[in-house]
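These numbers were taken from a predicted model, which means no experiment stands behind them. Every number for a ligand or one of its atoms is a count from 1 in the order of the listing.
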Amino acid sequence: MPDISHIASRFAFEGTVDRIDPLGQGFINDTYIVRTKGDAPDYILQRKNGNIFQDVPAMMDNISRVTAHIRRAVTVAEHDPLREVLTVVPAVDGALCVRDSAGDFWAACVYIPDTVTYDRADSIELARMGGVGIGRFQALLADFHEPLHETIRGFHDIRHRFVQWDEALKADRAGRCASVAAEIAGIEARRAEMLAFRRLVDDGVIPVRVTHNDTKISNILFDRSGRVLCVIDLDTVMAAPALNDFGDAIRSYANTGDEDDRDLSRVSLSLPVFTAYTDGYLSQQAAHLTDAELEWLAFSARYITFEQELRFLMDYIDGDTYYKTAYADHNLVRARAQHRLLESMEEHYDEMCRIVAETAARYR
Ligand code: GN1
Ligand code: MG
């Protein structure tokens with residue numbers, strides 16, 4: 001158990017710390033809330049997962065510059081910069097994170113009170129608001145052109161994932177390859193089209209922008225009246241095609257089943273949710289996107305769902321070393337559910353493209 005009070009004392013917090021409690025049930029970092037006495041703000045204190053984030057100072061540098069950029073825009077628009085963007089709190093020595101005696105990195109930000117979050121986009125209106133949240137985040141960063149650190153290498157780069165994939169198949173560390181031959185074939189059947197999509201990025205047809213990279217709805221803060229305040233969990237902010245955030249949001253919002261559904265008959269793409277998210281997203285972003293980005297927007301959902309299927313299946317083949325699992329074949333169940341979702345997207349692809357085109361036309 002780390003000495004949390006001591007760690008907290010190394011940050012430039014206002015006021016006097018009253019108590020520190022664990023917060024939430026994140027799968028990646030350990031999160032605490034630092035309550036202060038009187039009027040001083042409360043704070044979020046996090047131990048960052050060093051296995052996943054190998055350069056926390058670089059990650060915090062990304063977060064600090066991106067949030068500073070948003071803060072300027074929010075302030076110019078006369079909105080509330082303490083509620084509509086995360087505020088990173090540096091250490092007493094000015095650094096953006098501190099290292100404890102075990103070698104782990106900690107970082108802090110201001111806690112935003114009176115907010116609401118959701119675990120699932122279980123209404124059409126909520127799906128639309130999620131699109132507004134991510135669309136606004138990207139729109140506020142449309143004029144951010146500084147380089148960002150690549151804090152997780154090749155995160156949504158399918159070329160890089162195929163390098164890992166080929167190694168995993170060759171090593172067959174858990175001896176499971178033979179038992180998942182059908183699933184492996186499903187990946188291989190799509191290799192060429194996925195690599196072709198990625199080449200559009202390398203060739204400059206699809207631009208690189210600032211992306212969040214973890215666009216699930218629980219990463220959006222709403223106020224009590226249901227208005228989007230800001231996007232949180234900025235650990236994976238990097239430079240990448242904006243399409244990745246759209247695709248990952250559709251993957252997580254528009255699945256009629258669960259990410260790890262064993263009952264594949266429950267898993268499909270919800271076109272109403274797709275339509276609502278697309279509407280919210282393009283209401284903010286249509287003016288910033290190029291024609292090529294709009295043309296490929298619907299495909300990005302297939303791309304990211306495919307990548308997620310590959311990542312789950314690869315982790316199963318590797319013997320479950322990356323994702324936390326609750327039971328023996330959890331990663332395989334997840335991979336199969338992603339595969340079913342991908343097939344549903346393929347079946348509905350023409351409609352998805354039509355919805356994107358019609359929605360974009362309304363906002364451009
Ligand atoms: C991981 O734990 P969570 O939900 O923040 C993963 C995402 C996956 C997701 C799948 C850094 O995110 O890329 O899409 O699981 N994050 C990282 O549930 O690998
Ligand atoms: Mg996350």
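Nearest-heavy-atom check against atom 9 (C) of ligand 1 across Gln308, Glu307, Arg311, Gln338 picks out Gln308.
A donor-acceptor contact shorter than 3.5 Å links the side chain of His330 to the backbone of Ala326. Between the side chain of Arg362 and the backbone N or O of Asp279, no donor-acceptor pair lies under 3.5 Å.
Contact annotation: for Ile28 versus ligand 1, heavy atoms closer than 4.0 Å belong to the side chain alone. Counting heavy atoms under 4.0 Å from ligand 1, residue Arg334 does not touch it at all. Residue contacts with ligand 1, taken as heavy atom pairs separated by less than 4.0 Å, do not involve Asn213 at all.
Aromatic rings of Phe13 and Tyr43 (six-membered ring for Trp) have centroids within the 6.0 Å cut-off, being under it.
Here the options are Arg161, His160, Arg153, Arg159, the test is side chain to side chain donor-acceptor pair (under 3.5 Å), and the partner is Asp157; only Arg159 passes.
Of all atoms in ligand 1, numbered sequentially from 1 with element shown, those under 4.0 Å from a heavy atom of Arg251 are 10 (C), 14 (O). Against a heavy-atom cut-off of under 4.0 Å, Tyr322 is close to the following atoms of ligand 1: 11 (C), 17 (C), 19 (O).
Geometric assessment of Arg334 against the ring of Phe312 yields a positive cation-pi assignment under the 6.0 Å and 45° thresholds. Cation-pi contact between Arg47 and Phe105: absent, since separation from the ring centre below 6.0 Å together with deviation from the ring axis within 45° is not met.
The shortest N or O to N or O distance between Thr236 and ligand 1 is not under 3.5 Å. Backbone and side-chain nitrogen or oxygen atoms of Lys216 are examined, and one is located within less than 3.5 angstrom of a nitrogen or oxygen of ligand 1.
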